[in-house]
Student: 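Following this message is one structure expressed as structure tokens.
Proteins come first, then strands; the chains are lettered A, B, ... in the order of their sequence lines, and each starts at number 1.
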Amino acid sequence: MPELPEVETTRRALLPHILGQKITNINLYNPNLRWKVDGTVIKQAYQQTICDVQRRAKYLIFQASNGFLLSHLGMSGHWKLTDKSAERLKHDHLQIDFDDFCLRYNDSRRFGSFQWIEGQATNHTGFSHLGIEPIENPNFPYDFDIDFLKKALKNRKTPIKPTLMNQKIIVGVGNIYANEALFLAGINPKKLAHRISKAKLEKLVEAIICVLNQAVKAGGTTLKDFINPNNKTGYFQLSLNVYGREKEPCHKCQQSIQKIIQAQRATFYCPTCQK
DNA sequence: CGTATCTCCTGCAAGC
DNA sequence: TGCTTGCAGGAGATAC
């Protein structure tokens with residue numbers, strides 16, 4: 001599910017509800033997520049007041065005065081605003097109570113994770129392995145441009161598509177948006193990253209920024225199960241040009257979209273439009 | 001350091 | 001209908 005636009009959609013949906021709200025209780029129903037969640041998370045966040053909700057890469061940050069809860073949604077995680085009295089669903093693993101409502105984290109595949117970290121997320125050194133933010137982010141630097149990309153790809157001999165998904169270079173781009181950005185830029189996903197011309201890289205920068213901004217505007221992409229905390233689906237799936245469209249006609253040239261596997265992931269592209 | 005591969009888990013759809 | 005198989009949006013660990 002969640003790439004940058006889905007995490008950002010979640011952040012924006014949560015912010016107005018929980019800003020300034022005090023955590024009155026936390027229930028960890030199932031600690032067996034990607035890494036075992038220990039009770040420390042519960043103890044540290046208890047009675048804290050949320051002073052901001054931020055995003056770095058695909059991580060969601062619940063910032064309180066002396067620490068923050070870091071939440072990664074993995075493949076299938078999502079947060080839901082709901083009544084405390086609402087019946088708990090299968091795969092609801094964590095519940096955060098506020099005065100009049102609660103937040104529940106549901107994650108069928110359990111690839112998500114939680115950490116409680118002392119201090120301010122904006123000063124957190126644990127994010128240092130993460131690459132650049134490709135679109136505007138109110139809390140973290142985002143100066144993504146052609147000079148950055150040219151330098152970053154100079155020594156990368158891997159095909160451009162899996163390279164775009166490398167979170168050490170650019171954050172937030174997962175399988176769907178890597179496919180879509182390459183289509184918009186007219187670049188073949190098999191092209192080796194260091195062999196792409198400057199003109200094409202310029203198009204790629206523009207395409208990544210464009211596709212992510214459009215997807216944020218659309219509230220993310222809902223293929224199967226992405227739902228925002230207010231129970232609304234995204235609608236960027238209506239704008240997909242290649243992802244999931246194997247054998248369907250290209251929106252530009254009508255040739256059929258091809259599916260290949262790269263780094264154990266599905267890649268979709270138009271062999272005519274993407275050279 | 002860069003690259004390739006494997007892995008965690010459940011749900012669902014396709015194929016037989 | 002019911003079974004098996006493969007695949008799904010992420011990314012850390014490991015081996016070379």
Student: Considering only dG11(B), dG12(C), dG9(C), which nucleotide approaches the side chain of S108(A) most closely?
Tutor: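 The listed nucleotide nearest to S108(A)'s side chain is dG11(B).
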
Student: Could you tell me how far dT10(B) sits from dA13(C) if I compare only their C1' atoms? Round to whole Å.
Tutor: 22 Å

Student: Please report, rounded to the nearest Å, how far the C1' atom of dG9(C) is from the CZ atom of R245(A).
Tutor: 18 Å

Student: What's the closest nucleotide to the R156(A) side chain, out of dT3(B), dG11(B), dG10(C)?
Tutor: dT3(B)

Student: Please classify the nucleic acid contact of A266(A) as base, sugar-phosphate, or nothing, using heavy-atom distances under 4.0 Å.
Tutor: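 Counting heavy atoms under 4.0 Å across all strands, the contact made by A266(A) is with sugar-phosphate only.
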
Student: Closer to the 5' end of DNA chain B via nearest nucleotide, is it Q264(A) or K168(A)?
Tutor: K168(A)

Student: Would you please classify the geometry between the Y59(A) ring and the F127(A) ring as parallel, tilted or perpendicular, with 30° and 60° separating the classes?
Tutor: tilted

Student: I need the CG-P distance between L33(A) and dG12(C), as an integer number of Å.
Tutor: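 Going from L33(A) (CG) to dG12(C) (P), I get 16 Å.
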
Student: It should be established whether H129(A) places a side-chain nitrogen or oxygen under 4.0 Å from OP1 or OP2 of nucleotide dA11(C).
Tutor: no

Student: Send over the distance from L60(A) CG to dG10(C) P, rounded to a whole Å.
Tutor: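 Going from L60(A) (CG) to dG10(C) (P), I get 16 Å.
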
Student: Can you tell me, in whole Å, how much space there is between the P of dC9(B) and that of dC3(C)?
Tutor: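 Rounded to whole Å, the distance is 24 Å.
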
Student: Does Y177(A) put a side-chain nitrogen or oxygen below 4.0 Å from OP1 or OP2 of dG9(C)?
Tutor: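 No, outside the criterion.
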
Student: Looking for any heavy atom pair under 4.0 Å, which part of the strands does N155(A) touch: base, sugar-phosphate only, or nothing?
Tutor: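 N155(A): backbone/sugar contact only, no base atoms under 4.0 Å.
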
Student: Under 4.0 Å, counting only non-hydrogen atoms across every strand here, what does K36(A) touch: a base, just sugar-phosphate, or nothing?
Tutor: nothing

Student: For dG2(C), give its Watson-Crick or G-U wobble partner with both distances under 3.5 Å, or none.
Tutor: dC16(B)

Student: More than 12 non-hydrogen atoms from neighbouring residues, nucleotides or ligands closer than 6.0 Å to CD on Q115(A), yes or no?
Tutor: no

Student: Distance from Q258(A) atom CD to N188(A) atom CG, nearest 0.5 Å?
Tutor: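 Q258(A) CD to N188(A) CG: 9.5 Å, rounded to 0.5 Å.
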
Student: Is any side-chain nitrogen or oxygen of H72(A) closer than 4.0 Å to OP1 or OP2 of dA11(C)?
Tutor: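 Yes, within the criterion.
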
Student: What is the distance, to the nearest angstrom, from the CD1 atom on I176(A) to the P atom on dA8(C)?
Tutor: 11 Å

Student: Looking only at side-chain atoms of K90(A), point me to the closest of dT5(B), dA11(C), dG11(B).
Tutor: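 Closest nucleotide among those given: dG11(B).
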
Student: Provide, to the nearest angstrom, the distance between the CD1 atom belonging to I169(A) and the P atom belonging to dT3(B).
Tutor: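 Answer to the nearest Å: 8 Å.
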
Student: To the nearest Å, how far apart are E6(A) CD and dG10(C) C1'?
Tutor: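 Going from CD in E6(A) over to C1' in dG10(C) covers 12 Å.
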
Student: Counting only Watson-Crick or G-U wobble pairs whose two distances fall under 3.5 Å, which nucleotide matches dT3(B)?
Tutor: dA15(C)

Student: My understanding is that only one of F114(A), F98(A), W79(A), Y105(A) makes a ring-ring contact (aromatic ring centres under 6.0 Å, His included) with F62(A); could you say which?
Tutor: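 The single option meeting the ring-ring contact (aromatic ring centres under 6.0 Å, His included) with F62(A) is W79(A).
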
Student: How many angstroms lie between CG in D107(A) and CZ in R34(A), if you round to the nearest 0.5 Å?
Tutor: 11.5 Å

Student: Please identify which of these residues, E180(A), R265(A), Q262(A), meets the side-chain contact (heavy atoms from CB on, under 4.5 Å) condition with N175(A).
Tutor: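 Considering E180(A), R265(A), Q262(A), a side-chain contact (heavy atoms from CB on, under 4.5 Å) with N175(A) is found only for R265(A).
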
Student: Check N179(A), V211(A), I176(A) against L240(A) for a side-chain contact (heavy atoms from CB on, under 4.5 Å) and give me the one that passes.
Tutor: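 By the side-chain contact (heavy atoms from CB on, under 4.5 Å) criterion, L240(A) pairs with just one of N179(A), V211(A), I176(A): I176(A).
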
Student: Tell me what R110(A) touches on the nucleic acid: a base, only sugar-phosphate, or nothing, going by heavy atoms under 4.0 Å.
Tutor: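 Sugar-phosphate contact only - R110(A) comes under 4.0 Å of backbone atoms but never of a base.
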
Student: For the base of dA11(C) and the side-chain ring of F111(A), does the geometry meet a stacking cutoff of under 5.5 Å between centres and under 30° between planes?
Tutor: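 No; by the centre-distance and plane-angle rule, F111(A) does not count as stacking on dA11(C).
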
Student: Any side-chain N or O of K157(A) below 4.0 angstrom from OP1/OP2 of dT3(B)?
Tutor: no

Student: Are OP1 or OP2 of dG9(C) and a side-chain N or O of R265(A) less than 4.0 angstrom apart?
Tutor: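 So the side chain of R265(A) is within the cut-off, an N or O lying under 4.0 Å from OP1 or OP2 of dG9(C).
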
Student: Whole angstroms only, please: what is the NZ-C1' distance between K259(A) and dA14(B)?
Tutor: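 It works out to 12 Å between those atoms.
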
Student: T158(A) has a side chain; which of dG12(C), dG10(C), dA4(B) sits nearest to it?
Tutor: dA4(B)

Student: For the pair made of CG in D107(A) and P in dG9(C), what is the distance, rounded to whole Å?
Tutor: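 To the nearest whole Å, that distance equals 15 Å.
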
Student: Examine dG9(C): is either OP1 or OP2 under 4.0 Å from a nitrogen or oxygen in the side chain of K58(A)? Give yes or no.
Tutor: no

Student: For the side chain of R109(A) and the base of dA8(C), is some donor closer than 3.5 Å to an acceptor across the two?
Tutor: yes

